[in-house]
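Because only heavy atoms are used, hydrogens play no part in the values below, and waters and symmetry mates are left out as well, while side chains stay in. In listed order, ligands and their atoms are each counted from 1.
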Amino acid sequence: MSAALPGGRALSAPLMGHETEPTLFELSVSGRRASSFRTSSLPEWSAEELVPAELLAASPVELPEVSERDLVAHFTRLSHRQYSVDLGAYPLGSCTMKYNPKVCDEAAAAAAFAHVHPAAPPSCTQGWLELLVELEEQLCAITGMSAATLQPAAGAAGELTGLLLMRRYHEARGETRTRVIIPGSAHGTNPASVTLGGYQVTTVGTNERGGVDLDSLRAALDDDVAGIMLTNPSTLGLFEEDIVEIAAAVHEVGGLLYYDGANLNAILGIVRPGDMGFDIVHLNLHKTFATPHGGGGPGAGPVAVSKHLVQYLPGPRPVRNSDGTFGWATPEHSIGRIHSWHGNALVLLRAWTYLRLHGADGLLAVAEIAVLNANWIKGQLRGTYDIPYDRPVMHECVVSAETLERETGLRALDVAKRLLELGFHSPTVYFPLIVHEALMIEPTETESPQTLAALADALLLIAREAQEAGEASAAKQAPRTTPVRRVDEARAARKLVATYDQRP
Ligand SMILES: Cc1ncc(COP(=O)(O)O)c(C=O)c1O
């Protein structure tokens, strides 16, 4: 019997009868044999016997015809249009787009880890459980916390988890609190998570040094406040100088301190959120610890807590048993599950590998070099770009094109687009919202001094071009060398048109 396939191909095989000997299948293309294979057991029915005649296809199915070679060429071509951390500097502030050691990916791809079924009993997964317990212990050591859940699948999921812990803590004390305080410079996920967690957002102002305005904070504090969410260093890249006073003031009204650890890269081995007075900390493993942070995932946002919150952590959690083996346990007053099984297990494995690879000294070096690089870039740009809060920064710096815009028409968006032509990914622009024409640059610790110098030169060149040519400067038309030129981004986000590009 043979079946016609599109493109003059035919599949032939004896489909009827009992087969005691292996049966030969042949795939022929335009009458010539292309491949064959044998099988020893075949069904006894014809297609006509199995499927009602009126449902049988009258003509061959129109399947797309693409050879493997063409397919590989297509995806390779697409990958060449892509910009990535493996290709060059990616100074996207607040995102920590650093280079990640390939050995972390190799570990995550190892069959011994990747092929384990999440439902396998603890007796078969002692290695996995030990690794997760070790990771939790290391994250607690880094943050100065007592225990952590590894379940949340991203920073924002960690934020929601932390807010649910906050709620459970106050409920257990017979309190109903409705407000959470957030500084004006906060990342957008903070107010979103507060709302999702069932609280109202109270925003506090920023002082002239870029920190939380203490008067504004004190005025907002009362016994209705469940807590404050802070990232330190802040999204301005500045260390919160008054953190001890802030912690004391919030604790005094019975509130908790939530640390958004997305900026942890800056403080590894230098200072611990627990010592600053924080009660709840989420970490973005996909920024600080080795998982590439592109395309929205996958991520992991473990939440570490101080002693008085451990009983509320999500469960089940991997634990070390008293006899030295590993198992699962759910805390007595757990808020319940946040993620199925082990969380985003392979992201956790990458983080464990990264931590083992660096050790305490290596992690300290990560933070020190990240901070050095950000301060160096800021120093190069001073005098050309505005520096809104000009004091030493941590792992990222926020500069502004406000004066350039006034004098030459060059906007932060133009700078970002022209940088693409010059071989760099853009920094974050227009964030934090409290800085006009903001450019938020996070060089990370993995870029070489040569790359940093080239990045600074490019940013200075763009400003010079605008000073010389004004509205006629190259930046106004940029990017001219990318597969897609400048788009109306607000419209593109709201009216997405996905098309298939057939160019070779
Ligand atoms: C300061 C800050 N907080 C929270 C988040 C949210 O993290 P995620 O994107 O993993 O949800 C980010 C992400 O960029 C961030 O920069």
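Of the protein's heavy atoms, Asn284 ND2, 3.1 Å lies nearest to atom 7 (O) of ligand 1. Among protein heavy atoms, the minimum distance from atom 16 (O) of ligand 1 is reached at Ser94 OG, 2.5 Å. Of the protein's non-hydrogen atoms, the one nearest atom 14 (O) of ligand 1 is Lys287 NZ, 2.8 Å. The closest protein non-hydrogen atom to atom 9 (O) of ligand 1 is His293 CE1, 4.1 Å. Given atom 6 (C) of ligand 1, the protein heavy atom at minimum distance is Thr189 OG1, 3.6 Å. The protein atom (non-hydrogen) at minimum distance from atom 11 (O) of ligand 1 is Ala156 N, 2.8 Å.
Without hydrogens or angle criteria, Asp386 side chain to Ala401 main chain gives no donor-acceptor distance under 3.5 Å.
In summary, the side chains of Asn232 and Asn263 do not present any donor paired with an acceptor at a separation below 3.5 Å, with no hydrogens or angles considered. A donor atom on one side chain and an acceptor atom on the other are found under 3.5 Å apart for Thr202 and Arg179. Looking at Tyr354 and Arg350, their side chains never bring a donor and an acceptor atom within 3.5 Å of each other. With no hydrogens or angles considered, no side-chain donor-acceptor pair links Ser94 and Glu396 at under 3.5 Å. Between the side chains of Thr288 and Asn265, no donor-acceptor pair of N or O atoms lies under 3.5 Å.
Between Gly155 and ligand 1, a contact under 3.5 Å exists for at least one N or O pair. Note: no N/O pair closer than 3.5 Å links Thr231 and ligand 1 by distance alone. In terms of polar-atom proximity, defined here as any N/O pair under 3.5 Å, His286 does make such a contact with ligand 1. When only interatomic distances are considered, the shortest N/O to N/O separation between Asp260 and ligand 1 falls below 3.5 Å. For ligand 1, the polar-atom distance check against Asn263 finds no nitrogen or oxygen pair separated by under 3.5 Å.
Taking all heavy atoms of Ala262, Ala192, Gly93 into account, the minimum distance to atom 2 (C) of ligand 1 is reached by Ala262.
Heavy-atom proximity to Glu159, at under 4.0 Å, picks out these atoms of ligand 1: 3 (N), 4 (C). Within the listing of ligand 1, atoms 10 (O), 11 (O) sit less than 4.0 angstrom from a heavy atom of Ala154.
Taking the centre of each ring, His308 and Tyr169 come in below the 6.0 Å mark. In this structure, the ring of His436 has its center no less than 6.0 angstrom from the ring center of Tyr430.
Partner of Thr96 under the side-chain hydrogen bond (donor to acceptor under 3.5 Å, both in side chains) criterion, chosen from His395, His286, Lys287, Glu442: Glu442.
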